[in-house]
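Accompanying notes for the structure given below.
All of these numbers come straight from a predicted model, not from anything done at the bench.
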Amino acid sequence: MTTNKAFLGVNLDLLENPKYKNLDTRAAILYSVYADRSAASLHNLQQGNTAFCDAHGVFIRFSNDFAAKIIRVSEKTISKFRKQLADLGLIEIIRDGLKGYKIYVKEVQPTPKEVDLLMPWKNHTVSIKKSVNDWTTLAKIDFVENLHSNTDMTVKEDSSTTYQKNLPTSLSHSSVSQEYIYNNGLVDNAPAREDELQAKPNVNNTNPYNSLPEKIKSSFANTFGFITKPMAIELHSLINQSNEDMVNYVITSSNGRKITNAIAYIKAAITNALKRGAKTVQDMVDYYEQNVKPHSFKSRPKFMGKKQVEKLAKETEEAFAKANPDKWNQIMSKRNEPKPMIPVFKLSDEPRIPIFNLS
């Protein structure tokens, strides 16, 4: 009875290529762990989940604490290994927030042909290629939508191999050439794929970003950043509800403000403007000048002099007296009442007379 066991493959180029001769073997194992997790992120992308993919490519989140438990070393040692991998271009680390990091696993450089291999019997290669146009946000969406027709996987076997052909050949991603995970391997078949898309037009591949007005694209990019496909759909909807100039006015007037959800802010502003009956940008400007701007917060100096304090107190009292005359009269009547006399005792200047004569 044969039982298949899960294993973690190590890319042989990490052991054969002279470029990595100073790489700690445990660091090579750490790279294999990262690559294994990166394959899981790629699988999620294939299923349509883009949570582990951004404009830089496929990434992973892997804490040093967790890696230390796997490799059985300290977190400090993991930090040293991770720096080795980054210096050799095997991974790229980008800070994400205050404590988080995104790790992008890069391709292992193949061993030059002129190098004498330490393990020449390991002579089978596996290549997996996938392609998109350019690894941008738009290409990433296009990649997910057309993933089913994008895979070309071939296995090449050298006739002089010494392994038994009856045994299953492992295609573990971390022991093969992983051209499909990295940005460099995603554009190999781009021209052929563009011809295919032109030959078979698909309405689903039309990106709403392309049909947005240019000034909307420009103002949104300057104020909030790039526009995703869902954002473009919402912007089209808001333009249809109001007009292009009103949406552009809300975007440009948002510049410099701390807004966490751009689309929600623009949608609320347009909805409120339509409820007030606004039909043009001038209607929105007039409402702001008449109702919002007069009540805007006016900054006061951090420190005020005595005259400024007295003036401010007087203005506050006058405003209170005008708004609450009855209450103000009660306060003034209490203020005018005679205050109770507090007896004050003064010590005599005459010398004190001792009560007890201790002599």
Inset, instruction - Might you work through the side-chain hydrogen bond (donor to acceptor under 3.5 Å, both in side chains) test for Asn11 and Ser32, ending with a clear yes or no? - result: CA-CA 7 Å; Asn11 194 315; Ser32 300; over 6 Å; no
Legend entry - Between CD1 on residue Ile91 and OH on residue Tyr101, distance to nearest 0.5 Å: 12.0 Å
Legend entry - Expected output: side-chain Ser242 to main-chain Leu238 donor-acceptor under 3.5 Å: yes
Side-chain donor-acceptor pairs under 3.5 Å in residues 323-334, sequence neighbours left out?
from: Asn329; atom 1: ND2; to: Pro325; atom 2: O; distance (Å): 3.2
from: Ser333; atom 1: OG; to: Asn329; atom 2: O; distance (Å): 3.3
from: Ser333; atom 1: OG; to: Gln330; atom 2: O; distance (Å): 2.7

Legend entry - Separation between CE of Met284 and CG of Asn272, rounded to the nearest 0.5 Å: 9.0 Å
Inset, instruction - Can you tell me which residue pairs pass the salt bridge (charged side-chain N to carboxylate O under 4.0 Å, His left out) test with a partner in residues 217-228, sequence neighbours excluded? - result: Glu214-Lys217
Legend entry - N-O pairing of Glu244 and Lys215 below 4.0 Å: yes
Inset, instruction - Determine, using the 4.5 Å side-chain heavy-atom cutoff (strictly less than), whether Val105 and Phe66 are members of one ILVMFWY cluster. - result: yes
Inset, instruction - Output yes when a side-chain donor or acceptor of Asn17 lies under 3.5 Å from a complementary backbone atom of Gln109, and no otherwise. - result: yes
Legend entry - Met246 reachable from Ile227 in the ILVMFWY side-chain graph, under 4.5 Å edges: yes
Inset, instruction - Check for a donor-acceptor pair, side chain of Ser41 on one end and backbone N or O of Phe59 on the other, with a separation under 3.5 Å. - result: yes
Legend entry - Pi-cation contact, Phe62 with Arg82 (under 6.0 Å, within 45°): no
Legend entry - salt bridge (charged side-chain N to carboxylate O under 4.0 Å, His left out) contacts in which one or both residues fall within residues 275-285, not counting sequence neighbours: none
Inset, instruction - Using atom types as modelled and distance alone, determine if a side-chain donor or acceptor of Asn240 lies under 3.5 Å from a backbone N or O of His236. - result: yes
Inset, instruction - Would you mind checking if Lys80 and Asp24 are paired as a salt bridge, meaning a charged N to carboxylate O distance below 4.0 Å? - result: no
Inset, instruction - Run the numbers on Thr111 and Asp13 for side-chain hydrogen bond (donor to acceptor under 3.5 Å, both in side chains), then give the verdict. - result: CA-CA 6 Å; Thr111 305; Asp13 288 319; 2.7 Å; yes
Legend entry - Aromatic plane relationship, His56 with Tyr104 - under 30° parallel, 30 to 60° tilted, over 60° perpendicular: tilted
